[in-house]
Number of protein chains: 2
Amino acid sequence: MGTELDKTDLQILKILQANGRITNLQLSNEIGLSPAPTLERVRKLENAEYIKSYHALVDEEKLGLGIKTFIQISLDFHQKNTIQTFLDEIQTIKEITECHHVTGQCDFLLKVYVRDIKSYEQLIMEKISRITVVKTFQTMMIMSTSKKEPIVPLEY
Amino acid sequence: MGTELDKTDLQILKILQANGRITNLQLSNEIGLSPAPTLERVRKLENAEYIKSYHALVDEEKLGLGIKTFIQISLDFHQKNTIQTFLDEIQTIKEITECHHVTGQCDFLLKVYVRDIKSYEQLIMEKISRITVVKTFQTMMIMSTSKKEPIVPLEY
DNA sequence: ATTAAAAAAGAATTTATTTCGGTTAAAGCT
DNA sequence: AGCTTTAACCGAAATAAATTCTTTTTTAAT
(Lines give C-alpha, C1' and ligand atoms only; values in the text may rest on other atoms or scores of the structure.)
Protein backbone atom coordinates (compact mmCIF):
# COMPACT_ATOMS: atom_id res chain seq x y z
CA MET A 1 0.00 0.00 0.00
CA GLY A 2 2.92 2.31 -0.77
CA THR A 3 1.07 5.51 -1.67
CA GLU A 4 0.69 8.33 0.83
CA LEU A 5 -2.41 9.73 2.45
CA ASP A 6 -4.00 12.87 1.11
CA LYS A 7 -5.96 15.53 2.94
CA THR A 8 -9.22 13.65 2.53
CA ASP A 9 -7.79 10.49 4.06
CA LEU A 10 -6.57 12.44 7.09
CA GLN A 11 -9.99 14.02 7.37
CA ILE A 12 -11.55 10.57 7.36
CA LEU A 13 -9.16 9.37 10.05
CA LYS A 14 -9.93 12.36 12.20
CA ILE A 15 -13.68 11.90 11.87
CA LEU A 16 -13.60 8.15 12.49
CA GLN A 17 -11.43 8.61 15.55
CA ALA A 18 -13.96 11.02 16.96
CA ASN A 19 -17.01 9.06 15.83
CA GLY A 20 -16.33 5.43 15.09
CA ARG A 21 -19.92 4.63 14.29
CA ILE A 22 -20.74 7.39 11.85
CA THR A 23 -22.54 6.03 8.79
CA ASN A 24 -20.73 6.02 5.48
CA LEU A 25 -23.41 8.36 4.19
CA GLN A 26 -22.81 10.98 6.88
CA LEU A 27 -19.07 10.58 6.50
CA SER A 28 -19.34 11.13 2.76
CA ASN A 29 -21.25 14.36 3.38
CA GLU A 30 -18.68 15.62 5.85
CA ILE A 31 -15.78 15.07 3.50
CA GLY A 32 -17.66 16.19 0.40
CA LEU A 33 -17.57 13.02 -1.64
CA SER A 34 -20.27 10.59 -2.70
CA PRO A 35 -20.75 7.37 -0.69
CA ALA A 36 -18.98 5.08 -3.15
CA PRO A 37 -15.49 6.62 -3.13
CA THR A 38 -15.84 7.37 0.57
CA LEU A 39 -16.36 3.71 1.35
CA GLU A 40 -13.50 2.78 -0.92
CA ARG A 41 -11.18 5.10 0.98
CA VAL A 42 -12.27 3.77 4.36
CA ARG A 43 -11.69 0.20 3.21
CA LYS A 44 -8.24 1.14 1.96
CA LEU A 45 -7.39 2.73 5.29
CA GLU A 46 -8.61 -0.38 7.09
CA ASN A 47 -6.78 -2.80 4.82
CA ALA A 48 -3.55 -0.83 5.03
CA GLU A 49 -4.09 -0.77 8.80
CA TYR A 50 -4.00 2.95 9.21
CA ILE A 51 -7.21 2.10 11.02
CA LYS A 52 -6.49 -0.81 13.33
CA SER A 53 -9.87 -1.38 14.95
CA TYR A 54 -13.06 0.17 16.28
CA HIS A 55 -14.17 0.31 19.91
CA ALA A 56 -16.98 1.44 22.14
CA LEU A 57 -15.78 3.55 25.05
CA VAL A 58 -17.56 2.64 28.27
CA ASP A 59 -18.00 4.48 31.55
CA GLU A 60 -15.73 2.63 33.96
CA GLU A 61 -17.15 4.34 37.02
CA LYS A 62 -20.69 3.29 36.14
CA LEU A 63 -19.44 -0.24 35.63
CA GLY A 64 -18.00 -0.37 39.11
CA LEU A 65 -14.34 0.09 38.34
CA GLY A 66 -13.71 2.71 40.97
CA ILE A 67 -9.95 2.38 41.23
CA LYS A 68 -7.58 3.30 38.45
CA THR A 69 -3.83 3.44 38.98
CA PHE A 70 -0.49 3.56 37.30
CA ILE A 71 2.20 1.30 38.72
CA GLN A 72 5.87 1.99 38.19
CA ILE A 73 7.87 -1.20 38.11
CA SER A 74 11.61 -1.72 38.50
CA LEU A 75 12.94 -5.10 37.53
CA ASP A 76 15.71 -7.19 39.03
CA PHE A 77 18.07 -7.99 36.17
CA HIS A 78 20.06 -10.60 38.07
CA GLN A 79 18.09 -13.35 36.42
CA LYS A 80 17.97 -14.66 32.88
CA ASN A 81 15.22 -13.41 30.57
CA THR A 82 14.07 -10.93 33.12
CA ILE A 83 12.01 -8.89 30.70
CA GLN A 84 10.36 -11.79 28.93
CA THR A 85 9.46 -13.39 32.24
CA PHE A 86 7.88 -10.15 33.33
CA LEU A 87 5.93 -9.65 30.11
CA ASP A 88 4.59 -13.18 30.22
CA GLU A 89 3.28 -12.66 33.74
CA ILE A 90 1.70 -9.33 32.87
CA GLN A 91 -0.22 -10.84 29.97
CA THR A 92 -2.09 -13.11 32.35
CA ILE A 93 -3.35 -10.33 34.62
CA LYS A 94 -6.62 -8.99 33.25
CA GLU A 95 -6.72 -5.97 35.56
CA ILE A 96 -3.64 -4.61 33.79
CA THR A 97 -4.84 -2.93 30.62
CA GLU A 98 -1.60 -1.26 29.56
CA CYS A 99 2.06 -2.13 29.86
CA HIS A 100 4.73 0.25 28.59
CA HIS A 101 8.47 -0.30 28.56
CA VAL A 102 9.89 3.09 29.45
CA THR A 103 13.07 5.02 30.09
CA GLY A 104 13.62 6.88 33.36
CA GLN A 105 13.63 5.89 37.02
CA CYS A 106 11.58 2.78 36.43
CA ASP A 107 11.47 0.09 33.78
CA PHE A 108 7.77 -0.40 33.14
CA LEU A 109 4.62 1.61 33.60
CA LEU A 110 1.35 -0.28 34.03
CA LYS A 111 -2.22 0.92 33.92
CA VAL A 112 -4.62 -0.91 36.23
CA TYR A 113 -8.40 -1.03 36.68
CA VAL A 114 -10.03 -2.61 39.72
CA ARG A 115 -13.32 -2.47 41.57
CA ASP A 116 -12.14 -1.14 44.93
CA ILE A 117 -9.22 -0.84 47.32
CA LYS A 118 -9.71 -4.35 48.59
CA SER A 119 -9.31 -5.69 45.06
CA TYR A 120 -6.29 -3.48 44.63
CA GLU A 121 -4.57 -4.84 47.68
CA GLN A 122 -5.34 -8.31 46.44
CA LEU A 123 -3.85 -7.53 43.06
CA ILE A 124 -0.69 -6.18 44.67
CA MET A 125 -0.31 -8.96 47.21
CA GLU A 126 -1.26 -11.95 45.13
CA LYS A 127 -0.15 -10.98 41.66
CA ILE A 128 2.27 -8.09 41.27
CA SER A 129 4.49 -8.76 44.26
CA ARG A 130 4.68 -12.44 43.42
CA ILE A 131 6.36 -11.82 40.09
CA THR A 132 9.91 -12.89 40.89
CA VAL A 133 11.66 -10.48 38.56
CA VAL A 134 9.96 -7.42 40.07
CA LYS A 135 12.44 -5.58 42.29
CA THR A 136 10.32 -2.64 43.42
CA PHE A 137 7.03 -1.02 42.48
CA GLN A 138 5.22 2.17 43.33
CA THR A 139 1.57 3.05 42.90
CA MET A 140 0.27 6.28 41.48
CA MET A 141 -3.43 6.30 42.29
CA ILE A 142 -5.49 8.29 39.77
CA MET A 143 -7.65 10.79 41.61
CA SER A 144 -9.11 12.39 38.52
CA THR A 145 -8.53 12.56 34.81
CA SER A 146 -8.96 15.95 33.18
CA LYS A 147 -8.04 14.96 29.68
CA LYS A 148 -8.37 11.70 27.84
CA GLU A 149 -8.50 12.07 24.10
CA PRO A 150 -9.36 8.91 22.21
CA ILE A 151 -7.84 10.80 19.30
CA VAL A 152 -4.27 11.11 18.29
CA PRO A 153 -3.05 14.60 17.33
CA LEU A 154 -2.96 14.67 13.52
CA GLU A 155 -2.06 17.76 11.53
CA TYR A 156 -3.72 18.53 8.23
CA MET B 1 -32.10 4.93 34.41
CA GLY B 2 -31.91 3.33 37.82
CA THR B 3 -32.15 -0.34 36.90
CA GLU B 4 -29.10 -2.58 36.83
CA LEU B 5 -27.42 -4.33 33.96
CA ASP B 6 -28.03 -7.99 33.31
CA LYS B 7 -25.73 -10.57 31.80
CA THR B 8 -26.86 -9.75 28.28
CA ASP B 9 -26.07 -6.07 28.73
CA LEU B 10 -22.57 -6.90 29.95
CA GLN B 11 -22.13 -9.21 26.99
CA ILE B 12 -23.12 -6.38 24.67
CA LEU B 13 -20.67 -4.02 26.36
CA LYS B 14 -17.89 -6.54 26.02
CA ILE B 15 -18.58 -7.13 22.35
CA LEU B 16 -18.93 -3.46 21.48
CA GLN B 17 -15.72 -2.62 23.30
CA ALA B 18 -13.91 -5.23 21.22
CA ASN B 19 -15.69 -4.41 17.96
CA GLY B 20 -17.30 -1.02 17.89
CA ARG B 21 -18.52 -1.36 14.34
CA ILE B 22 -20.20 -4.72 14.51
CA THR B 23 -23.62 -4.62 12.82
CA ASN B 24 -26.69 -4.88 14.99
CA LEU B 25 -27.55 -8.06 13.10
CA GLN B 26 -24.25 -9.76 13.96
CA LEU B 27 -24.47 -8.52 17.52
CA SER B 28 -27.95 -9.95 17.87
CA ASN B 29 -26.68 -13.33 16.69
CA GLU B 30 -23.81 -13.30 19.15
CA ILE B 31 -26.01 -12.56 22.12
CA GLY B 32 -28.85 -14.81 20.98
CA LEU B 33 -31.62 -12.25 20.62
CA SER B 34 -33.42 -10.90 17.57
CA PRO B 35 -32.31 -7.55 16.12
CA ALA B 36 -35.14 -5.51 17.62
CA PRO B 37 -34.50 -6.05 21.33
CA THR B 38 -30.77 -6.01 20.68
CA LEU B 39 -30.99 -2.54 19.24
CA GLU B 40 -33.20 -1.44 22.08
CA ARG B 41 -30.62 -2.59 24.60
CA VAL B 42 -27.78 -0.86 22.80
CA ARG B 43 -29.76 2.39 22.69
CA LYS B 44 -30.49 2.11 26.39
CA LEU B 45 -26.82 1.59 27.15
CA GLU B 46 -25.96 4.61 25.03
CA ASN B 47 -28.63 6.83 26.53
CA ALA B 48 -27.73 5.86 30.08
CA GLU B 49 -24.11 6.52 29.07
CA TYR B 50 -22.75 3.16 29.97
CA ILE B 51 -21.45 3.55 26.43
CA LYS B 52 -19.93 6.98 26.14
CA SER B 53 -18.75 7.01 22.55
CA TYR B 54 -17.28 5.05 19.65
CA HIS B 55 -13.83 5.47 18.14
CA ALA B 56 -11.58 4.21 15.41
CA LEU B 57 -8.15 3.22 16.67
CA VAL B 58 -5.41 4.36 14.32
CA ASP B 59 -1.81 3.29 13.90
CA GLU B 60 0.19 6.17 15.36
CA GLU B 61 3.49 4.91 13.99
CA LYS B 62 2.14 4.80 10.45
CA LEU B 63 0.82 8.32 10.89
CA GLY B 64 4.22 9.62 11.81
CA LEU B 65 3.84 9.91 15.56
CA GLY B 66 7.10 8.21 16.42
CA ILE B 67 7.51 9.54 19.94
CA LYS B 68 5.23 8.65 22.81
CA THR B 69 6.04 9.59 26.39
CA PHE B 70 4.69 9.96 29.86
CA ILE B 71 5.66 13.10 31.73
CA GLN B 72 5.60 13.26 35.51
CA ILE B 73 4.82 16.76 36.71
CA SER B 74 5.34 18.29 40.13
CA LEU B 75 3.63 21.59 40.77
CA ASP B 76 4.73 24.60 42.75
CA PHE B 77 1.94 25.29 45.22
CA HIS B 78 3.22 28.69 46.30
CA GLN B 79 0.78 30.39 43.98
CA LYS B 80 -2.96 30.76 44.04
CA ASN B 81 -5.07 28.36 41.97
CA THR B 82 -2.04 26.31 41.10
CA ILE B 83 -4.01 23.32 39.90
CA GLN B 84 -6.58 25.21 37.87
CA THR B 85 -3.86 27.24 36.20
CA PHE B 86 -2.10 24.05 35.30
CA LEU B 87 -5.20 22.32 33.95
CA ASP B 88 -6.10 25.32 31.82
CA GLU B 89 -2.68 25.31 30.21
CA ILE B 90 -2.77 21.58 29.57
CA GLN B 91 -6.08 21.83 27.75
CA THR B 92 -4.48 24.03 25.10
CA ILE B 93 -1.67 21.63 24.25
CA LYS B 94 -2.87 19.22 21.57
CA GLU B 95 0.13 16.90 21.87
CA ILE B 96 -1.02 16.00 25.38
CA THR B 97 -3.71 13.38 25.03
CA GLU B 98 -4.10 12.40 28.67
CA CYS B 99 -3.78 14.22 31.97
CA HIS B 100 -4.20 12.39 35.26
CA HIS B 101 -4.11 13.86 38.75
CA VAL B 102 -2.28 11.25 40.77
CA THR B 103 -0.95 10.39 44.20
CA GLY B 104 2.70 9.56 44.75
CA GLN B 105 5.99 11.33 44.06
CA CYS B 106 4.49 13.59 41.42
CA ASP B 107 1.23 15.46 41.03
CA PHE B 108 0.24 14.82 37.44
CA LEU B 109 0.98 12.23 34.82
CA LEU B 110 0.67 13.27 31.18
CA LYS B 111 0.64 11.20 28.02
CA VAL B 112 2.21 12.84 24.99
CA TYR B 113 2.35 12.09 21.25
CA VAL B 114 4.76 13.87 18.91
CA ARG B 115 6.35 13.33 15.53
CA ASP B 116 10.02 13.18 16.52
CA ILE B 117 12.60 14.18 19.11
CA LYS B 118 12.89 17.65 17.68
CA SER B 119 9.16 18.19 18.20
CA TYR B 120 9.51 16.78 21.68
CA GLU B 121 12.25 19.22 22.63
CA GLN B 122 10.09 21.99 21.25
CA LEU B 123 7.13 20.84 23.31
CA ILE B 124 9.25 20.76 26.45
CA MET B 125 11.02 24.04 25.85
CA GLU B 126 8.17 26.13 24.53
CA LYS B 127 5.17 24.71 26.26
CA ILE B 128 5.70 22.51 29.31
CA SER B 129 8.57 24.40 30.90
CA ARG B 130 6.82 27.72 30.36
CA ILE B 131 3.90 26.78 32.55
CA THR B 132 4.64 28.89 35.61
CA VAL B 133 3.14 26.53 38.17
CA VAL B 134 5.26 23.58 37.03
CA LYS B 135 8.05 23.02 39.55
CA THR B 136 9.72 19.97 38.02
CA PHE B 137 9.02 17.38 35.37
CA GLN B 138 10.54 14.13 34.24
CA THR B 139 10.10 12.27 30.99
CA MET B 140 9.47 8.58 30.65
CA MET B 141 10.01 7.78 26.99
CA ILE B 142 7.93 4.82 25.81
CA MET B 143 10.21 2.34 24.08
CA SER B 144 7.55 -0.26 23.45
CA THR B 145 4.05 -1.14 24.52
CA SER B 146 3.33 -4.80 25.11
CA LYS B 147 -0.24 -4.45 26.23
CA LYS B 148 -2.87 -1.88 25.37
CA GLU B 149 -6.39 -3.12 25.81
CA PRO B 150 -9.08 -0.85 24.49
CA ILE B 151 -11.30 -2.88 26.77
CA VAL B 152 -11.96 -2.50 30.43
CA PRO B 153 -11.90 -5.67 32.54
CA LEU B 154 -15.54 -6.60 33.13
CA GLU B 155 -16.60 -9.69 34.99
CA TYR B 156 -19.66 -11.64 33.96
C1' DA C 1 -3.68 18.07 -27.43
C1' DT C 2 -4.00 12.98 -26.52
C1' DT C 3 -3.96 9.19 -23.91
C1' DA C 4 -3.86 6.33 -19.80
C1' DA C 5 -4.81 5.79 -15.13
C1' DA C 6 -7.08 7.00 -11.07
C1' DA C 7 -10.80 8.86 -8.64
C1' DA C 8 -15.51 10.08 -8.36
C1' DA C 9 -20.42 9.93 -9.42
C1' DG C 10 -24.90 7.83 -10.23
C1' DA C 11 -28.01 4.21 -10.10
C1' DA C 12 -29.38 -0.34 -9.00
C1' DT C 13 -29.09 -4.04 -5.80
C1' DT C 14 -28.28 -6.11 -1.58
C1' DT C 15 -28.11 -5.79 3.22
C1' DA C 16 -29.00 -3.68 7.56
C1' DT C 17 -31.64 -0.68 10.63
C1' DT C 18 -35.67 0.72 12.55
C1' DT C 19 -40.53 0.74 13.70
C1' DC C 20 -44.68 -1.31 15.16
C1' DG C 21 -48.17 -4.52 16.54
C1' DG C 22 -48.82 -8.63 18.76
C1' DT C 23 -47.11 -12.45 21.94
C1' DT C 24 -44.85 -14.43 25.53
C1' DA C 25 -42.76 -14.38 29.86
C1' DA C 26 -41.74 -12.77 34.05
C1' DA C 27 -42.89 -10.17 38.32
C1' DG C 28 -46.03 -8.34 41.62
C1' DC C 29 -50.41 -8.44 43.95
C1' DT C 30 -54.70 -10.24 46.16
C1' DA D 1 -52.90 -20.30 43.01
C1' DG D 2 -55.09 -16.99 39.86
C1' DC D 3 -55.12 -12.35 38.07
C1' DT D 4 -52.94 -8.27 36.48
C1' DT D 5 -49.40 -5.40 35.11
C1' DT D 6 -45.13 -4.61 33.07
C1' DA D 7 -41.26 -5.53 30.52
C1' DA D 8 -38.92 -8.04 27.14
C1' DC D 9 -38.93 -10.23 22.91
C1' DC D 10 -40.23 -11.56 18.14
C1' DG D 11 -41.66 -11.23 13.23
C1' DA D 12 -42.71 -8.57 9.47
C1' DA D 13 -42.90 -4.36 7.04
C1' DA D 14 -40.91 -0.02 5.95
C1' DT D 15 -37.07 2.83 5.82
C1' DA D 16 -32.34 3.69 5.29
C1' DA D 17 -27.70 2.50 4.43
C1' DA D 18 -24.01 -0.19 2.33
C1' DT D 19 -22.22 -2.10 -1.58
C1' DT D 20 -21.51 -3.06 -6.45
C1' DC D 21 -21.08 -1.90 -11.12
C1' DT D 22 -20.95 1.07 -15.03
C1' DT D 23 -20.13 5.60 -16.72
C1' DT D 24 -18.08 10.03 -16.32
C1' DT D 25 -14.76 13.19 -14.80
C1' DT D 26 -10.36 14.52 -13.36
C1' DT D 27 -5.50 14.24 -13.24
C1' DA D 28 -1.07 13.61 -14.87
C1' DA D 29 2.10 12.34 -18.30
C1' DT D 30 3.59 12.15 -22.85
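We name chains A, B, ... by the order of the sequence lines, and we start the count at 1 in each one.
- If you take NZ on A:Lys148 and CG on A:Leu57, they are separated by 7.0 Å, rounding to the nearest 0.5 Å.
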Using atom names, set out every protein N or O paired with an N or O of nucleotides 10-14 of chain D below 3.5 Å, distance rounded to 0.1 Å.
unit_1: D:dC10; atom_1: OP2; unit_2: B:Ser34; atom_2: N; d: 2.7
unit_1: D:dC10; atom_1: OP2; unit_2: B:Ser34; atom_2: OG; d: 3.0

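- Rounded to an integer number of Å, the gap from CD of A:Glu40 to P of D:dT25 is 18 Å.
- Side chains of A:Leu13 and A:Ile51 form a contact here, defined as non-hydrogen atoms less than 4.5 Å apart.
- Distance, B:Ile12 CD1 to D:dA8 P: 12 Å, rounded to whole Å.
- For the helix from C:dA1-D:dT30 to C:dT30-D:dA1, the terminal axes (five pairs an end, C1' atoms, rotation from four pairs onto the next four) enclose an angle of 40°, given to 10 degrees.
- Atom pair B:Leu25:CG and D:dA18:P shows a separation of 15 Å (rounding to whole Å applied).
- With respect to A:Glu49 and A:Lys52, no salt bridge is recorded, no charged nitrogen being found less than 4.0 Å from a carboxylate O.
- The nearest whole Å value for the distance from the CG atom in A:Asn24 to the P atom in D:dT20 is 12 Å.
- For A:Arg41, a side-chain nitrogen or oxygen approaches OP1 or OP2 of C:dA8 to under 4.0 Å.
- One can place CZ of A:Arg21 at 14 Å from P of D:dA17, the figure rounded to the nearest angstrom.
- Note: CD1 (A:Ile22) to P (D:dA17) measures 12 Å, nearest angstrom.
- Note on B:Glu121 versus B:Lys118: no salt bridge recorded, every NZ/NE/NH1/NH2 to OD/OE distance being 4.0 Å or above.
- As a whole-Å value, the separation of A:Asp9 CG from C:dA6 P is 16 Å.
- Side-chain atoms of A:Leu16 and A:Glu46, non-hydrogen and from C-beta on, never get closer than 4.5 Å to each other.
- We find that CG of A:Leu39 is positioned 14 Å from P of C:dA9, with the value rounded to whole Å.
- Looking at heavy atoms from C-beta onward, A:Lys147 lies out of side-chain contact with B:Leu110 at the 4.5 angstrom threshold.
- Looking only at side-chain heavy atoms (C-beta outward), B:Glu61 and B:Lys68 come within less than 4.5 Å of each other.
- For residues 57-88 of chain B, every residue pair satisfying the ring pair (Phe, Tyr, Trp, His ring centres under 6.0 Å) rule, not counting sequence neighbours, is listed here: A:Phe70-B:Phe70, A:His100-B:Phe70, B:Phe86-B:Phe108.
- Residue B:Arg43 places at least one side-chain N or O under 4.0 Å from the OP1 or OP2 atom of C:dT18.
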